[in-house]
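Naming: A, B, ... by sequence-line order, numbering from 1 per chain. Keep in mind it's a predicted model, so treat the numbers as computed, not measured.
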Amino acid sequence: MLTNKDEFNIEDFYAHYLKGPKIFQKREALETSYVPEELPHRDKEIKKIAELTACALIGDAPSSFLCYGMTGTGKTATVRYVSQKLTRHARAKKPWWIYVNCNVVSTPYRILAHIYNTISNRERIPPTGLPKDVIFKQLLGLLDQKVGDSVCFLVLDEIDILSDKKGGNEILYDLTRLNENLDYCKTSLIGISNKLNFKKYLDPRVLSSLGGECPIVFHPYNANELADILKKRAAIAFYPGTHEEGVIRYCAALAAEENGDARKALQLLKKAAEIAQRKHSKKILERHVDEARLELEKDQVEEFILGLPFQAKLVLTAIYLISKYFPNHVIISGDVYDVHSELCNLLPKKRKLTERRISDYINELTLAGLICARIKSRGYYGRTKIITLSMGLDMLERILSKEESIAELLNYRPLSLQKDKVKINGAVFKKLY
DNA sequence: TATCCACAGGAAATCAGGGTGT
DNA sequence: ACACCCTGATTTCCTGTGGATA
């Protein structure tokens with residue numbers, strides 16, 4: 001047995017945990033995938049979708065439509081909610097609902113395969129290998145055979161991701177025209193998008209068949225609405241007496257600041273409850289919410305960085321090393337290229353990347369908010385990007401050190417920056433020849 | 001004021017690695 | 001064994017450009 005006080009004893013930990021007060025009654029109620037019995041503050045949207053889809057009850061195909069709104073405004077939840085009610089009211093002709101998250105199922109081939117496999121209830125279509133048109137034909141046959149004369153709803157969540165992928169517009173076009181090739185079954189497409197400007201990139205033919213001119217718009221929740229949502233969920237998720245209105249309102253207020261994102265509000269409340277339980281508190285307190293907020297932020301950054309492709313991590317490492325060893329140096333894209341290729345030389349089996357590719361990684365890291373890069377023209381010294389880290393060196397080091405092969409690079413002092421420096425407008429740049 | 005640097009970033013091609021049916 | 005397919009990562013090729021400097 002362990003004797004050292006500082007060491008973690010898993011036996012004691014679990015025993016202690018079980019003895020503590022219980023907060024969670026039904027944890028799933030705080031998950032975003034949970035569909036509650038009532039959906040507060042979405043009456044208008046529910047009504048619109050219900051009206052649009054009602055004809056499926058008598059076997060007619062509703063016209064396709066789009067739902068817009070920022071993340072956490074209840075788009076997916078509302079569609080799922082209506083789908084449950086509709087299915088409950090349908091008698092003979094039960095509609096089918098196929099959900100596709102385009103963020104997960106992200107290529108045209110996989111969308112077709114996913115739809116096919118969901119309907120057939122078996123993994124009939126392999127993850128790759130077949131020509132698309134073959135799958136398309138098989139899908140048509142399956143729809144007529146399995147769905148018969150009912151309606152099949154195809155819900156494409158995060159549909160905006162498709163519009164900037166190659167082949168994305170084609171697959172949407174094909175899906176909107178499914179009905180023309182079907183004998184019995186009818187399909188209806190429901191697109192869910194986070195981006196309001198997504199229409200711009202959409203094929204006009206697809207847009208018109210999706211009824212793009214009058215989409216259903218979901219507005220962000222305000223703090224009071226978020227509080228209502230949380231209250232209802234908390235009543236299901238927690239034991240009575242474990243939470244007070246003040247804490248709920250606090251979570252709601254914090255999430256309202258972040259674009260009224262209900263998903264964030266739920267995450268925050270769940271995390272706060274977990275912290276309270278971990279700390280053997282009988283109630284969730286405001287300070288648990290504060291802690292939860294910090295932990296969530298950290299978790300998200302860490303998850304994102306560790307989930308990056310290796311070369312992207314290496315680009316980030318290059319920026320980290322320059323910031324660490326040359327704190328007064330103004331980092332430009334050229335520096336990142338140089339240091340990145342230095343790092344590649346240190347790692348066996350890692351090929352150098354072209355500047356073009358690294359430029360894309362710099363953009364991706366910027367988009368994620370990990371770094372800040374802005375284009376600057378330096379006249380005779382050319383046009384480049386000025387890059388700064390948007391997060392603390394300590395935190396970045398802690399995260400990067402979790403990747404084995406990168407951990408050993410974190411104390412490497414880049415050589416390419418030690419050569420020649422030049423001063424322009426008081427800032428130190430690499431010397432140009 | 002024309003020049004010219006060091007890139008930015010779009011588009012298309014290529015490659016490797018996973019698969020298919022015949 | 002073979003021709004062919006799909007995907008994601010990357011390369012190749014290319015045109016465009018802001019603004020200090022000559």
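Whole-Å rounding puts the A:R356 CZ to B:dA13 P distance at 16 Å. Atom C1' of nucleotide B:dA6 and atom CD1 of A:I362 are separated by 13 Å, given to the nearest angstrom. Whole-Å rounding puts the A:I135 CD1 to C:dC5 C1' distance at 10 Å. Straight-line distance from the CD atom of A:E355 to the P atom of C:dT10: 16 Å, rounded to whole Å. Rounded to whole angstrom, the span from the CG atom of A:D133 across to the C1' atom of C:dC4 amounts to 12 Å. Between the CG atom of A:D360 and the P atom of C:dA9 there is a distance of 12 Å, given to the nearest Å. One can place NZ of A:K313 at 13 Å from P of C:dA9, the figure rounded to the nearest angstrom. Between the CZ atom of A:R378 and the C1' atom of C:dA22 there is a distance of 18 Å, given to the nearest Å.
A:Y337 has a side-chain polar atom (N or O) that falls below the 4.0 Å cut-off from OP1 or OP2 of B:dA8. Considering only side-chain N and O atoms, A:Y381 lies nowhere under 4.0 angstrom from the phosphate OP1 or OP2 of C:dG18. Contact between the side-chain N/O atoms of A:N363 and the OP1/OP2 oxygens of B:dG9 is found at a separation under 4.0 Å. At C:dT7, one or more side-chain N or O atoms of A:T107 fall inside 4.0 Å of OP1 or OP2 (strictly under the cut-off). Between A:S377 and the phosphate of B:dC4, there is no side-chain N or O to OP1/OP2 separation shorter than 4.0 Å. The phosphate of C:dC6 has neither OP1 nor OP2 within less than 4.0 Å of any side-chain N or O from A:T128.
Listed nucleotides C:dT11, C:dG8, B:dG21 differ in distance to A:L130; the shortest reach to its side chain belongs to B:dG21. Here the side chain of A:K132 is nearest to one of C:dG8, C:dC6, B:dG9, namely C:dC6. Here B:dG9 is the nucleotide among B:dG9, C:dT21, C:dT11 with the atom lying nearest to any side-chain atom of A:S359. Of the candidates C:dT7, C:dT10, B:dC4, the closest approach to any side-chain atom of A:Q311 belongs to C:dT10. Among the nucleotides B:dA8, C:dT11, C:dT7, the one closest to any side-chain atom of A:R351 is C:dT11. Here the side chain of A:P126 is nearest to one of B:dG19, C:dT7, B:dG10, namely B:dG19. The A:S333 side chain lies nearest to B:dC7 when the options are C:dT12, C:dC6, B:dC7.
Counting only N and O atoms by type, the side chains of A:E342 and A:S416 include a donor and acceptor under 3.5 Å apart. With 3.5 Å as the limit, one finds no donor-acceptor pair spanning the side chains of A:Y81 and A:E38.
You'll find a donor-acceptor pair under 3.5 Å spanning the side chain of A:R383 and the base of C:dT17, going by distance alone. Between the side chain of A:R357 and the base of B:dG9, no donor-acceptor pair of N or O atoms lies under 3.5 Å.
The main-chain N or O of A:L210 is never found under 3.5 Å from a side-chain atom of A:S64 such that the two would form a donor-acceptor pair. In this structure, A:K75 contributes its side chain and A:G69 its backbone to a donor-acceptor pair below 3.5 Å.
Each of A:G379 and A:K385 was assigned the nucleotide of DNA chain B with the nearest heavy atom; the assignment lying further toward the 5' end belongs to A:G379. When the nearest nucleotides of DNA chain C are assigned to A:R110 and A:P131 by heavy-atom distance, the more 5′-ward of the two goes with A:P131.
Contacts of A:Y361 with the nucleic acid, taken as non-hydrogen atoms under 4.0 Å apart, involve only primed sugar atoms and P, OP1 or OP2.
Checked against a 6.0 Å centroid threshold, the rings of A:F218 and A:Y68 do not count as neighbours.
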### Task
Apply salt bridge (charged side-chain N to carboxylate O under 4.0 Å, His left out) to the pair A:E297 and A:R293, showing each step before the final yes or no.
CA-CA 6 Å; A:E297 263 171 37; A:R293 185 158 66 141; 5.2 Å; no
